[in-house]
Structure formats: structure tokens, C-alpha cells
Amino acid sequence: MKREVYKSLRTISHEEPLGPGGPLCAGCGGQLSLRLFHKALGENVIFVNGASCSTLLATYPFTPLNSSWIYTAMACAPAGAQGVRDALDILKRKNRLPPEKDRKVVVLTGDGAAQDIGLQSTMAAIHRGLDFYYLCYDNESYGNTGFQTSASTPYGARTSTEPITPRSPHGSVHGRRDLFEIWRVQKPPYLATISAAYPLDLSEKVYRASQHYGPKLFIAHSPCPPGWEIDPEWSVDIARAAVETGIWPLKEAIHGEVAHTHIPRKFEPVENYLNRQGRFRHLFEPQRDEETIAHIQNTVNEYWKSALGAPLLHPPPRAGEERGGALRSRRLFCSPLHAEEVSPRPNNEERTMENIFAFADELGPIKIIHLYDPKNRLKAVVVVDNIARGPSVGGIRMASDVSTEEAFRLARAMTMKNSAANLPHGGGKSVIFGDPKMDLAKKEQLIRAFARAIRDLIEYIPGPDMGTDERCMAWIHDEIGRAVGLPPEIGGIPLDEIGATGSGLRASVEAAMKYCTFDLKGARVVVQGFGSVGKHAARFLGEKGTVLVAASDSRGTIFNPKGIDVGRLIALKNSGKGVTDYANGERLDIDAVIDIDCEIWIPAARPDVIHKNNVHRLKTKLVPQGANIPFTAEAERILHEKGTLVIPDFIANAGGVICASVEYHGGTQSQAFQTIEEKIRANTDEVLANAKKSGTLPRQAAIEMAESRVRKAMQYSRA
Ligand SMILES: Cc1ncc(C[n+]2csc(CCOP(=O)(O)OP(=O)(O)O)c2C)c(N)n1
Ligand code: SF4
């Protein structure tokens, strides 16, 4: 959209039309949209409000608004607006209201009223060509009465009328009704979607609407902290993520003709939007609901496929124009290794043909190869990101909705991970389109076809990832003699069984001791997630004299301040029981594991378990991260400020990649342990020393270390 008036944030009015201290919730996205909307609209406004949260703004005789306010029943705000408009026109006709003092009439409602009980009144007003604005702040529920499902509630969301139960574990199953399209049928002169995270786009749209006589409709994406279960501070970030994932398209329609006003340059995966909201938590915990996440992603993909298939009326914004990005930078750049666990699946097969150079930067990728073998139904993409430090190692991901972008992001994560571990390897990754649960004979045929197709791509060494396993690696090895993560019978090192990652965690803790003020002997350890990583970490640390005081798994937490017998607990877990079956300890909730006082707290389960809202509960001195991205960036920052030492995941849990490298070079199990020990100790020491020297977070120091190793290696390569 070519901006005529609002070219920079400075052009937005500094006049505050909405006074502070109102009764709406902190971080209310609806209120923020209203404020920006009102700023752009200017003075002389009469709001006609249908019953909703916003009704609380004006409790007679008080109003925080610099404008007039009329309250109507939920169903009939547009009819109320007709009355107000008529009255103003009569006054004008009678010369009792000079034209320059004319008022703009604005209906203000939530989506419940707009979509349901107020729809008839709106349709009639549009039909009559009433000259008014309609601002629907869309919090995707009946917010004021307790977050019941509305026709705007998105697929998969939990609401108070669609709670998560064993019989309905997926949340709302209806999907949103498309209010934009319902209104567009009548071809009103102006219609737009807006977001408070894009104030220039919002303001320009209000200006453009003001050039038209007749119904002018706005639907504002409006994060609702209590209903969506988000931190009030996140409202704008969440609003931005909705746009950058493609979930909330910013568009306008002038007399029915649609144009998108902001097209994300790289669409983020929808889960970047979903996974920060409590109303979607069930999609990620206790297990990922792949089906529902994929359904939401596919709906977004389909929308944009058809939207971008049509000629674009407005080009995508140029660099430097208002863009989203906070979430993207948090996910991709601050912690490049986030990419692996975020497991982005944003795109379908068709999108793999996009401009592949869009991914290119100073580090890579040096090759992006599409593989197609119709006889064996093979469609795959291999990305070799950077090989300055050696041939790239990276897994093969198999799923029906993988994409080139996903392969690239994972390949970059591998470049950084291998470099951080100081391995003689670069990063690569491949994706194969297909259902990983397909018939085994067909899968073998497909994987073998893939192997043959990469025979000459010697700078790429495949390994297992989601949808592939050691058997697949054996097929590949059989075809081309090159793969890691093999079965033990043909030279593989069973890293989970031997506890490669757990032993690396122990090595990182030992290396960190010179930066800590407690002794390892007798140090109290808590393990969050007593699984393949956590139990071995507890075992290896126990051999150094630490005391395991608590451990959790998916069923709960076991706590004994005098110490838990690690061997017995492991035996219990190996027999299929949970930690809470351990007899000699107090049984607590899963979440209670956060509160237990200790010297070493090991997260070894899922991403993002510690975040801004619970980080203050941690009472520990050292956190070696066993899981990938177990803490949010903000939680890590808070801990850093508190003086708690956090050894970042890709330094502390690098045992797996080191083991794969040793396996590839023909090493034995004991050589793997020795290499893990040496490398993780040295890397931990270097990162913590650099962090201390520069005063940065260890994660930042680790990223800088990994990147500088890659850049230094690049100086020696010809390319
Ligand atoms: C006819 C009618 N039914 C029910 C109500 C009670 N009521 C007041 S506000 C509200 C919720 C409105 O939801 P929405 O329009 O989405 O606005 P929000 O509360 O989310 O701001 C309801 C149901 C009402 N005022 N009138
Ligand atoms: S419940 Fe939601 S929409 Fe209502 S005032 Fe609070 S944040 Fe705003």
C-alpha cells in the first residue's frame, strides 16, 4: 500500500484521545487498536457501542475518551449509528451544525456482536449505505462474559465453552467465520483488516477510508491477555506474529476489490504464534498435536496460495518499511539453534519453488538441490549450508508438509551446532516429502532412491531426524556407504543407550565449576525430565558425588531432600514406571520441580519450560541445559542478571552430535566418550570465559564463538 500520510511513526498524532487508567485489562489489544484508530480519525467522533468489554470504558457519567459515547444493546449498534447520523444530518440541514463541526459516527463492538447477534443490523446499515465507520476489535471470543466461543474463535483454540477434555482434546473444531468476506459481498466502499502491531498500516487505512462516503469497516486483530492466556506485555508481539505467520492477513477492499497491504517476506510457521498462548497449550503439551497444528498451517497455506495466485495489487513492502520481526529475530537470529526445535513446517511442496536465493547470506547455503524421481515417487530437497569446517552433517526429515525453507533453517542450525561443538563438520539437512508411517517396503524403496540421488553429493552426510531412524540410515549406508546414526551391528554408536548427552552434561558441569561458588561433591541436583538425557546426567553426576534431590517426568515429581537412589530410579523408569512410583520420597505435581532448592537444575525435557512468568521460582546456581531451548530468551536474561549460570543447550547437550561425528570417522564408543569429554569441557570453558569477559549472556557468547569459528574456517576455503 502506497502510504500517502503515514510514512513514519512520527506522523502519528501525539494527541491522546483515550485517557489512562481505564478499566480494561492491561495489554488489551482491543483498547490499543481503538486508541490508534481514534488517533488517526481525529476529533469530533461519536462512538456507538454495543455491549462488550469496551462498554466498561464509559461508565456513566465518566469516560476516558476524548469523544462522545452512546451505548446500545449488543444487537443493534449500527441501527443506533443510523439514528445518530440522521440526527446530525438534520442539524446540518437546519444550519444548527456547521459542516466543519460534523461528527464521524463509529460503531464499536467485539467480534461476538459483529459476527452473530449484530450481523443483521450491520448488513442492513451497509445495504442502506449508511455513512459510518465500524470498528470490530476481534478478540476471537465473547470476552466480557468469560471467553466463550464466538464465530471468530479459531480452529484449535480452547475457550470456556470448548474446554479441553478427553473427548474433545483438540479445542474449537469450527474454525473462524470470515467476517471480511461476509461484509465484502455487499461491496462497501471501504473494508480493512488491521493490527495494532502495524500502526502505520492501520493509520493509513483510516485515512484512506475517510476518503469514502458510506460504510467503512475495520476488523482489528486484538490479543486478549486473560482470554488467550498471554502475558499482557506480549500483546503486540503476538499481534505481530499473527501477521508474520500469515494467520492474520493485512488487507483492504475498496468497493469489493481486495489488496493485501503487507505480505510477510518469509512466512513464519504458525506455531510461532500458537505456542505462546495458553489457549493453544494443549497442542503442544503433554504431546504435540501434529494433526491440529498441521491443519492450522495448511489452512494458512491454502489462503495465501489462493491470495498470492491472484495478481498483487500492492507489492510487498521494501526493506526498511514497517515490518514484523521481533519474534522472528528471537527465534532465528538470537538463537539460531532454536530453529531445530521449533520445527518449522510452514510450507507445502509448492512453496519449495520460491526464490531460493532468499535464504542466502554470508555463510550459505552453498547448495540447495531438489531431487525428483517419479519412478520411485521421490521428492526431496537437500540443503548444504556451509562446509568450511568439513563435510556437512545433518539429518533427513521425512513428512508430508516439509519445505525448502525448513531444510535451510535446520541446515543453518546444524552449521552452528557442529561449529559450537568444534567438530570438523559443516551443516546440512534434507527433507523428503512423504508420510513417515508409509508401508515399510515403500519407505525402503524411497529412502534407497534418495540415497542413490545423493551419491555424488559427497559434502553431505545424512543422519536420522523426524520420520527417519537407524534402519533408514542402514539402507542409505548400504547404497552409498555414507551415513551416521547407524545400528550398532554396522558400526553405529547407540548414543541414547550409552548416555552420550548425559555424559556431556556432566563434562559441562565440571568445566563450569570454576565459575561457581559451590562444590560439586554434595551439590543438590534436580532433573526436570528424567528420560534418556536426564537419567544419564543424574547417573554421571552422581558418580562425581552430587545428590539427586528431585526428578520429574510426564506423571509428576519425586522429591527427597536427603537424596534419591539414582540407580533404583533408573531401574524403575526402565521397567515402564514413573518417577512418582519411587517409594522413598514425596510425590509432587510435575510443575513443582521448578520450586525445589538446589545447586544444579537440569532441564532435560521440552522447549520453553522456563519463561518470564515462572523463572523467579527457580532457586538454583547452575543450569546445564539438556533439552533444546528449554528456557525462553527472556528467562535466560533474567537468570543472568540474578547471577545464575546457564550453560546453553548447544554447548551442554552436544554429546549427540559429537558422538555422530566420532561414529562417522570410525571411532569406538570409548573414543566417543573421550571426545565428548574433551570437547564439551573446552567449549564450556571458552564460552563461560568469553561471557564473563564481555559481560554477555553465555548463549550470546556461544553463538559468537560458533559463528567466528565458521568465518575463520571460511578464510581458508577457496569458495
Ligand atoms: C442480547 C444480549 N445477550 C447477551 C448479553 C451479555 N453480554 C454482554 S457483553 C457480551 C459479550 C460480547 O462479546 P463480544 O461482542 O465479542 O465483545 P467482547 O466482550 O469480547 O469485548 C455478552 C454476551 C447482552 N448484553 N445482550
Ligand atoms: S477481557 Fe480481553 S478484550 Fe476484554 S478488556 Fe480484557 S483484554 Fe480486553
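Order of appearance sets the numbers: ligands from 1, and atoms from 1 within every ligand.
An N or O contact shorter than 3.5 Å is missing between S52 and ligand 1 by distance. Inclusion of A113 in the set of residues having an N or O under 3.5 Å from an N or O of ligand 1 is warranted. Looking at N139 next to ligand 1, an N or O pair under 3.5 Å apart turns up. Residue T109 has no nitrogen or oxygen atom sitting less than 3.5 Å from a nitrogen or oxygen atom of ligand 1, judged on distance alone. At least one N or O atom of G143 sits closer than 3.5 Å to an N or O atom of ligand 1.
The ligand atoms of ligand 1 that sit less than 4.0 angstrom from a heavy atom of I117 are 1 (C). Near C53, meaning under 4.0 Å from one of its heavy atoms, ligand 2 places the atoms 1 (S), 3 (S), 4 (Fe), 5 (S). The C224 neighbourhood of ligand 2 comprises atoms 1 (S), 2 (Fe), 3 (S), 7 (S), with distances under 4.0 Å to a heavy atom of that residue. Listed by number with element, the atoms of ligand 2 under 4.0 Å from a non-hydrogen atom of N139 are 3 (S). Within the listing of ligand 1, atoms 14 (P), 15 (O), 16 (O) sit less than 4.0 angstrom from a heavy atom of G112. Below 4.0 Å from some heavy atom of C53 lie the following atoms of ligand 1, by number and element: 18 (P), 19 (O), 21 (O). The contact set between ligand 2 and C25, taken as ligand atoms under 4.0 Å from a residue heavy atom, comprises 1 (S), 5 (S), 6 (Fe), 7 (S).
Within 6.0 Å of atom CD in E15, 12 or fewer heavy atoms from other residues, nucleotides or ligands are found, so the atom counts as exposed in its surroundings. Around the CD atom of E285, the shell of radius 6.0 Å holds more than 12 heavy atoms that belong to other residues, nucleotides or ligands. At most 12 non-hydrogen atoms from other residues, nucleotides or ligands lie less than 6.0 angstrom from CD of E43.
When hydrogens are left out, the protein atom nearest atom 13 (O) of ligand 1 is Y142 CD2, 3.3 Å; that is the closest non-hydrogen contact. For atom 22 (C) of ligand 1, the nearest protein heavy atom (residue, atom name, distance) is T145 CG2, 3.5 Å. Protein heavy atom at the shortest distance from atom 21 (O) of ligand 1 is Y137 OH, 2.5 Å. Of the protein's non-hydrogen atoms, the one nearest atom 25 (N) of ligand 1 is A51 CB, 3.4 Å. Shortest contact from atom 8 (Fe) of ligand 2 to any protein heavy atom: C28 SG, 2.3 Å.
Ring pair W304/H260 is tilted by interplanar angle, where 30° to 60° counts as tilted. W248 and H221 have tilted rings, their planes meeting at an angle from 30° to 60° on a 0 to 90° scale. The aromatic rings of F37 and Y133 stand perpendicular to each other, their planes meeting at an angle above 60°, with 30° marking the opposite boundary. Using bins of under 30°, 30° to 60° and over 60° for the plane-to-plane angle, the ring pair Y190/F218 lands in the tilted bin.
A donor and an acceptor atom, one from each side chain of S152 and Q115, are located under 3.5 Å apart. Between the side chains of D289 and H170, at least one donor N or O sits under 3.5 Å from an acceptor N or O.
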Report task. Take H174 and Y155 through the ring pair (Phe, Tyr, Trp, His ring centres under 6.0 Å) test and state the conclusion after the steps. Result -> CA-CA 6 Å; H174 305 292; Y155 187 88; 9.1 Å; no

Query raised in the report: Step by step, would you call K266 with E244 a salt bridge (Lys or Arg N to Asp or Glu O under 4.0 Å)?
Result: CA-CA 8 Å; K266 268 190 196 171; E244 295 300 319; over 6 Å; no

Report task. Decide yes or no on salt bridge (Lys or Arg N to Asp or Glu O under 4.0 Å) for R184 and D178, but give the supporting numbers first. Result -> CA-CA 10 Å; R184 190 166 78 92; D178 193 341; over 6 Å; no

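At a 4.0 Å cut-off, at least one heavy atom of D111 sits close enough to ligand 1 to count as contact. Not close to ligand 1: A73, with no non-hydrogen atom less than 4.0 angstrom away. At least one heavy atom of P225 sits less than 4.0 Å from an atom of ligand 2. Not a single heavy atom of W228 sits under 4.0 Å from any atom of ligand 2. Heavy-atom distances between P226 and ligand 2 reach below 4.0 Å in at least one pair.
The option from Q115, M74, E140, Q148 that lies nearest to atom 26 (N) of ligand 1, judged by heavy atoms, is M74. When T55, N144, L108 are ranked by how near their heavy atoms come to atom 9 (S) of ligand 1, first place goes to N144.
Counting all heavy atoms, side chain and backbone alike, S150 lies closest to E140 at OG-C, 3.7 Å. Across L200 and K7, no two heavy atoms sit closer than the pair CD1-O, 4.1 Å. For P225 against S235, the heavy-atom pair with the smallest separation is CG-OG, 3.8 Å.
At a 4.0 Å heavy-atom cut-off, ligand 2 does not touch S222 at all. Using a 4.0 Å cut-off between heavy atoms, S141 contacts ligand 1 through its backbone alone, with no side-chain atom that close.
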